[in-house]
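Since the model is a prediction, treat every value here as computed from it, not as a measurement.
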Amino acid sequence: MKNGLLKRNNLKTAILLGTLCSISYFAVYVARNILSAVSPQMLESGVSEEYIGMASSLFFAVYAVGQLINGQIGDKIKARHMISFGLILAGICNLAVRFIPASNIGFVLIYGVSGFFLAMIYAPMTKVVAENVDPIYVVRCSTGYEVACLLGTPVAGLLAALLPVCSVFFVGGSFLLLIGMIAFVCFRELEKKNLVRYGRYEMSEKGGKAKVKVLLKYQIVKFCLIAVITGIVRTSVVFWLPTYLSQYLGFSPQRSATVFSTITLIISLTVFIAVFVYERFGSMNKTILLMFSIAAVAFGCVWLIKHPILNIVCLVIAIMGSGCVASIMWCKYCPGLRDTGMVSSVTGFLDFLSYMAAALANIIFANAVSAIGWKNLILVWMSLMIAGILISFPYGIFIKKAHSEECD
């Protein structure tokens, strides 16, 4: 009887907390994909690629630093405050951008600052789910808000297809404000009902050396490199998709926005594929190796095939392959650090690496398009996936085999 009641309470907590976090993260991704979605319209109005690249790079750099700082703070401050105030302050920034010309430097600065506030959500959210949801439901909750973030991208594209640039930022800012206020009230209610508690898990040993030792045991170096590679694809490559569609494949700006929405809607299925494959293999390492391999082959096909439809199909497969690796990292690896008491800090650090890599890649890609062309840039994307294969390859098998032969 008691076990049945406990199971129902665990499921209730997972559903309520998972839904709240998913809606909050959906709002984040609607807002942060607006610039990407409206970039074809901005280019058509005379704003340069370099200027858009500067705005997006500043945003990603500030977002990355924000993840690092807020990840550390998130291990000490309630998720209610971090998530709700982050959404509200980012909403205010987006509303302010509405009244500034897109070619004004003030637009770049305020858009960049909004990145810091949006970075207040993910790491604390991962921590609060990992510490308050039964382990059997954690991956499902993480899957929920990973899907929510992917769905935010096509919604941003839909807004860009239906509204002028200034109105898109206004709608995005208003949505952030609304969700931020709802999140504050809902988290407070969950805390009152004791469904959400804080500070439940901490390391038994204190000090920097102890933390490093624990994280090395959890393969932190490997996942740092994976965060860099997948961050470039899921953030920077996806950011330039509308421009790629219009310049390389010849779609009109309006058609590019529509196709972009369709592509990102399909990509939103990535996390389901990742979880499905992981549960069949029962191994993070095998799943990661397979998905990097698929992505590398698919990017090779993107380079070979110029037919628009086939090219898009291969590109979607490539992005989804890399996205599956990222989903495993965020949905399985990061929540799995619960017992270390460093879920927020490590998640924030990995996100920091991911977005710093994306910020640098955005600058490089913006200049590379005119310098080396889209064709050679596709080869760069494929090379990243090959690097992922090398990083995730199970070299330990050969070491064990060699050791076994020596013993024989």
With a cut-off of 3.5 Å and sequence neighbours excluded, list every side-chain donor-acceptor pair involving residues 178-191.
{"residue": "Glu191", "atom": "OE1", "partner": "Arg80", "partner atom": "NE", "Å": "3.1"}
{"residue": "Glu191", "atom": "OE1", "partner": "Arg80", "partner atom": "NH2", "Å": "3.0"}
{"residue": "Glu191", "atom": "OE2", "partner": "Arg80", "partner atom": "NE", "Å": "3.3"}
{"residue": "Glu191", "atom": "OE2", "partner": "Tyr198", "partner atom": "OH", "Å": "2.7"}

Quick one: side chains of residues 375-383, donor-acceptor pairs under 3.5 Å with protein atoms, not counting sequence neighbours, listed by atom name and distance.
{"residue": "Lys375", "atom": "NZ", "partner": "Trp303", "partner atom": "O", "Å": "2.5"}
{"residue": "Asn376", "atom": "ND2", "partner": "Ile372", "partner atom": "O", "Å": "3.0"}
{"residue": "Ser383", "atom": "OG", "partner": "Leu379", "partner atom": "O", "Å": "2.9"}

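Residues satisfying the side-chain contact (heavy atoms from CB on, under 4.5 Å) criterion with Ile317, sequence neighbours excluded, are Ile294, Ala298, Val313. For Cys314, the side-chain contact (heavy atoms from CB on, under 4.5 Å) partners are Cys301, Val302, Ile305, not counting sequence neighbours. Evaluation of the side-chain hydrogen bond (donor to acceptor under 3.5 Å, both in side chains) rule for Tyr63 yields Gln67 as partners, not counting sequence neighbours. The side-chain hydrogen bond (donor to acceptor under 3.5 Å, both in side chains) test applied to Ser345 returns Asp75, not counting sequence neighbours. With sequence neighbours excluded, the residues forming a side-chain contact (heavy atoms from CB on, under 4.5 Å) with Thr262 are Ile266, listed by chain and number. Annotation: ring-ring contact (aromatic ring centres under 6.0 Å, His included) contacts of Phe170 (sequence neighbours excluded): none. Not counting sequence neighbours, the partners of Lys222 by the side-chain hydrogen bond (donor to acceptor under 3.5 Å, both in side chains) test are Asn285. Listed by chain and number, the residues in a ring-ring contact (aromatic ring centres under 6.0 Å, His included) with Phe169 are Phe107 (sequence neighbours excluded). Applying the ring-ring contact (aromatic ring centres under 6.0 Å, His included) test to Phe175 and every residue at least two apart in sequence or in another chain returns Phe26.
Within the structure, no pair that satisfies the ring pair (Phe, Tyr, Trp, His ring centres under 6.0 Å) test touches residues 334-353, not counting sequence neighbours.
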Practice item. Take Phe272 and Phe276, measure what ring-ring contact (aromatic ring centres under 6.0 Å, His included) needs, and give me the verdict at the end. Key: CA-CA 6 Å; Phe272 294 112; Phe276 176 82; over 10 Å; no
